[in-house]
Amino acid sequence: VAKFKLPGGEVSGVYRNGETWHLKANADTGIVEVNEAKEPEIAETLSELAENPEHPIEAVKGK
Amino acid sequence: VPLTQASNNDIVGLHIQTNEATPGTVADYSFPLLSTDRPYPTQDTSVIQVTDAASIQGDLFKNAGEHWESHVQIPAFDAVLGTMLKSMWPTDTPSGAVPSRLHTFSGLGSAPPFVSMYNNFTSGSLSETFAAGICSGIEFEFSTERPLRVTYHVVGETPSVAVFTVTTAQTLADGFFTPLAAANGLLKFEEDSLTPITQTNIVGGKVSIMREVTPVMTADGATVKFLAQGLVAPTVHLDLVWASWDAYRATFYGAVAGTTASPTLPSGSVDLFFGHSSSATSIFELKIDKVAWLTDPPVPNPDASPLMVSADLAVLKPAAGDHVKPLLTNNVNAAY
């Protein structure tokens with residue numbers, strides 16, 4: 001499971017087939033967990049954004 | 001009495017579909033248009049000619065693949081702009097709290113959501129739903145004479161006559177993004193000049209992010225079932241009142257302090273901020289981290305009009321993130 005800190009508590013995106021997805025973080029921690037096996041596209045998108053220092057999403061180390 | 005009714009009542013709706021197969025009947029937003037370019041169905045025909053001596057003309061044949069397109073122009077309304085941005089930058093990461101919620105859009109060039117557009121010929125009472133479209137371009141044009149103007153291009157699969165409702169109707173009373181905010185534009189003419197310079201001499205400009213969408217016809221149906229996406233093509237044009245030789249020297253002499261012809265083009269950056277006509281907390285920013293400045297030599301005019309600098313900027317791949325980064329700060333809490 002990959003963990004990401006969402007500064008605004010949520011993130012939305014689109015799968016490669018055009019279907020939309022929407023994730024909300026835990027209200028207390030601001031962290032969302034993504035199962036890389038079940039949701040590889042979301043995990044890939046959030047990982048790429050977390051690598052960009054300008055983007056507000058942060059990867060949370062330690063699985 | 002044979003009066004013709006005024007026919008300027010034309011409201012268009014926009015909706016982000018959850019998937020391709022679900023067009024929906026509720027527009028997220030509706031808005032009036034600046035232009036006559038409403039969403040419209042389109043089709044092609046062929047003429048079939050056969051070796052029949054009795055025929056003096058060919059027969060008309062309707063090609064497969066009726067589809068729809070949109071090239072609507074609107075003032076840059078605040079809330080609906082996020083929906084349009086999402087159809088080109090599909091990931092929205094909001095942060096901060098309303099009314100200054102910052103929507104950071106990303107993912108330019110990846111798979112976009114399908115959109116539905118809706119139109120109501122109020123004068124003639126015909127409602128149409130245009131489903132399963134893909135954004136083929138967004139253009140932002142600003143000048144001193146009008147609000148920031150958005151041209152929204154979509155190519156879609158399925159037009160139909162169907163009624164719709166609207167969640168949020170945007171009107172001129174809601175306000176719109178104005179040409180430029182007070183600190184309007186931060187320009188950098190070469191990467192080595194580390195501090196972007198605030199420019200107050202920008203007269204107008206246009207930022208276009210186009211991505212061709214080709215409807216692919218198949219022989220088995222009346223409407224298109226495949227939309228082929230092309231490459232992303234961002235372009236920027238800026239008109240500046242002459243204030244310095246920086247852009248000109250960077251273009252031809254390789255640096256703002258350059259004195260000799262340069263074998264290479266330096267890269268700079270553009271950061272444009274658009275304020276809002278009625279909401280001080282709404283800001284729209286277009287950030288382009290890496291561009292090559294390609295200015296025309298300024299030309300003095302015999303009529304003594306001001307010296308102008310016209311620049312076509314080549315957008316380059318930045319160190320991180322998208323080529324063009326839209327940042328929308330507004331009162332919309334949920335992620336688009």
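Residue numbers begin at 1 in each chain, while the letters A, B, ... track the order of the sequences.
- Within the 4.5 Å cutoff, side-chain heavy atoms of A:Glu54 are placed close to those of B:Lys325.
- When all heavy atoms of A:Pro56 and B:Thr93 are compared, the closest pair comes out as CG-CG2, 4.1 Å.
- Remark: A:Arg16 does not engage B:Glu20 in a salt bridge, criterion side-chain N to carboxylate O under 4.0 Å.
- Within the 4.5 angstrom heavy-atom criterion, only backbone atoms of B:Pro112 (N, CA, C, O) approach chain A.
- In this structure, the portion of B:Ile16 lying under 4.5 Å from any heavy atom of chain A is its side chain and not its backbone.
- The part of A:Leu49 that comes within reach of chain B is its side chain, from C-beta onward, which places non-hydrogen atoms under 4.5 angstrom from that chain.
- The candidate with the highest count of non-hydrogen atom pairs below 4.5 Å against chain A, out of B:Ala320, B:Ser110, B:Ala97, B:Pro90, is B:Pro90.
- Judged purely by distance below 3.5 Å, without hydrogens or angles, the side chains of B:Lys86 and A:Ser12 pair a donor atom with an acceptor atom.
- Contacts between B:Phe105 and chain A at a heavy-atom distance below 4.5 Å are absent for every atom of the residue.
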A:Glu10 and B:Asp92: CA distance, side-chain angles, deciding distance, side chain to side chain contact (heavy atoms under 4.5 Å, CB included) verdict: CA-CA 9 Å; A:Glu10 61 182 317; B:Asp92 175 23; over 6 Å; no
Test side chain to side chain contact (heavy atoms under 4.5 Å, CB included) on A:Val14 and B:Thr91 and set out the steps. CA-CA 7 Å; A:Val14 177; B:Thr91 306; over 6 Å; no
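- For B:Asp289, the part lying near chain A is the side chain, with the backbone staying farther off; criterion is any non-hydrogen pair under 4.5 Å.
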Steps toward side chain to side chain contact (heavy atoms under 4.5 Å, CB included) verdict (B:Asn19, A:Thr20): CA-CA 7 Å; B:Asn19 56 57; A:Thr20 58; over 6 Å; no
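- Note that OG of B:Ser106 and CD1 of A:Ile57 are 7.0 Å apart. Values are rounded to the nearest 0.5 Å.
- Applying the ring-ring contact (aromatic ring centres under 6.0 Å, His included) test to pairs two or more places apart or on separate chains, none has a residue in residues 31-59 of chain A.
- Ranked by heavy-atom pairs under 4.5 Å with chain A, the list B:Ala132, B:Ala334, B:Ala319, B:Ala21 is led by B:Ala334.
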